[in-house]
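Just so it is clear, the values below take in all heavy atoms, side chains as well, and ignore hydrogens, waters and symmetry mates.
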Amino acid sequence: MPSELSAVAAIIMIAAITFASRIAGPLLMTNIIISPRIERFLNALSVSVIAALVASIVAQNGLREGAAVGLAAFIMLGSKSAVWAMVSGMALAAAWALFFH
Amino acid sequence: MVIEDAEDSAPTYKGVVLTLAGIRLGGRRLLPFALFTVPFGIAFGVAAIESGLSSFQAILMSLATFSGAAQFATLDFWTEPLAFGSLAMVVLALNARHTIMGAALAPWINQLPLSRRALVLGYLSDPNFADSQPAFQNGERDIGILLGGGLVLWACWVAGTAIGALGGAELGDPTTFGIDVVMPCFFAAVIAGQPRQVEMIAPILVASAVAVPMLDVLPTGWNVVLAALVGGMVGTLYHAK
């Protein structure tokens, strides 16, 4: 088990790297003028990073997660309510676990 | 041509503020979702104790880091002596997407003074980014909603960690209640609910198509960064009428 001192040092380093990752984006963009092209890039970037996260999570899990995510997206398109979308996805995932385990 | 260009470049990022009312609104918006992060916090607290962290260290890490994916990953490297280099690399990889999200928020965030930027960005995470970015795009100008959402998520994450680390409670299987899918379902809802759906179909498909095969090629985390950048570039190809 690491000593208290080295453990706390590691935690400080982990927190510092994480904080740096959070402030780096706006700092890098400080001197960039937001042209329509850059704006399109940033908008697509926003959606793409979330899509990439979802795709990675589904790919690393399986059909159950994929079905839950698909249902959540479908309910959102119909209802425009993120809460209903989330609850439907969870309900499907819970039912799936009940019947297939 | 020139006039079209001028109209196209009309987006104004003026009038950006950071108010207490905005922080409260952001907190209310994300509270229902944030409550579901408590079980994840508990799971982290339990796992951290099992990996040899003290309860103080586990809670300190959640307080100061507030990054679920990175924190879970560090537990694999919690050995004696601590491998600082490996820890740094894995934390960098799993947090690199924050830089992408920050860049996407820059048009609004950079209207604030530096100290307030640092305060707001300290609480930037996937869910409050996913919640706030479309709102800003729709004309919301109060950065408080980003900070408020982040504070509520952070509080739930730390509370969960404390329960898990101090109580060591075994939760049972989160799959029973579908809690394990809450995060991807929320993100899927954000994607399905975002404005400009037609323009975003290509970036969404390309980003997904890059992220999945790259899972086996790139270290975890970098696949998301690469996919986001490629998706962003695809987005620039689309020319609004």
Could you look at A:Ile57 and say if it's the side chain, the backbone, both or neither that has a heavy atom under 4.5 Å from chain B? side chain

Note, B:Phe66 side chain near A:Thr18 side chain (heavy atom, < 4.5 Å): no

Are any non-hydrogen side-chain atoms of B:Asp180 and A:Arg64 less than 4.5 angstrom apart? yes

Enumerate donor-acceptor pairs with a distance under 3.5 Å from any side-chain N or O in residues 45-56 of chain A to protein atoms, sequence neighbours excluded.
from	atom 1	to	atom 2	distance (Å)
A:Ser46	OG	A:Leu42	O	2.8
A:Ser46	OG	B:Gln133	NE2	3.2
A:Ser48	OG	A:Ala44	O	2.6
A:Ser56	OG	A:Ala52	O	2.8
A:Ser56	OG	B:Asn223	ND2	3.2

B:Asn110 side chain reached by A:Thr30 side chain, heavy atoms, under 4.5 Å: yes

By a 4.5 Å heavy-atom criterion (distance strictly below it), what part of A:Ala16 contacts chain B: side chain, backbone, both, or neither? neither

Looking at A:Ile23 and B:Ala118, what are the two nearest heavy atoms and their distance? CG2-CA, 4.4 Å

Between the CZ atom in A:Arg22 and the OH atom in B:Tyr123, the distance rounded to the nearest 0.5 Å is 9.5 Å

Tell me which of these, A:Ser81, A:Ala20, A:Ala68, A:Ala95, has more heavy-atom pairs under 4.5 Å with chain B than the rest. A:Ala68

Separation of B:Ser67 OG from A:Ile17 CD1 (nearest 0.5 Å): 11.0 Å

Is there a side chain to side chain contact (heavy atoms under 4.5 Å, CB included) between B:Gln137 and A:Asn43 once you walk through the steps? CA-CA 9 Å; B:Gln137 224 184 307; A:Asn43 286 339; 3.5 Å; yes

Measure the OG1-CG distance between B:Thr99 and A:Leu27 for me, rounded to the nearest 0.5 Å. 9.5 Å

Using side-chain heavy atoms (C-beta onward) and a distance below 4.5 Å, is A:Met86 in contact with B:Phe33? yes

Assert top hit (heavy-atom pairs under 4.5 Å, partner chain B, pool A:Ser21, A:Gly70, A:Ala15) equals A:Ser21

Once you round to the nearest 0.5 Å, how far does CZ of A:Arg40 lie from CE of B:Met200? 10.0 Å

Decide if atom CH2 of A:Trp84 counts as having more than 12 heavy atoms of other residues, nucleotides or ligands within a radius under 6.0 Å. no

Drop me the distance from B:Ser54's OG to A:Glu4's CD, to the nearest 0.5 angstrom. 5.0 Å

Please flag which part of A:Asn61 lies under 4.5 Å from any non-hydrogen atom of chain B: side chain, backbone, both or neither. neither

What part of A:Ser3 gets closer than 4.5 Å to chain B, counting heavy atoms only: side chain, backbone, both or neither? backbone

From B:Leu87 atom CG to A:Ile14 atom CD1, the distance as rounded to the nearest 0.5 Å: 5.0 Å

Could you look at A:Phe19 and say if it's the side chain, the backbone, both or neither that has a heavy atom under 4.5 Å from chain B? side chain

With a 4.5 Å limit on heavy-atom distance, are the side chains of A:Ile11 and B:Phe56 in contact? no

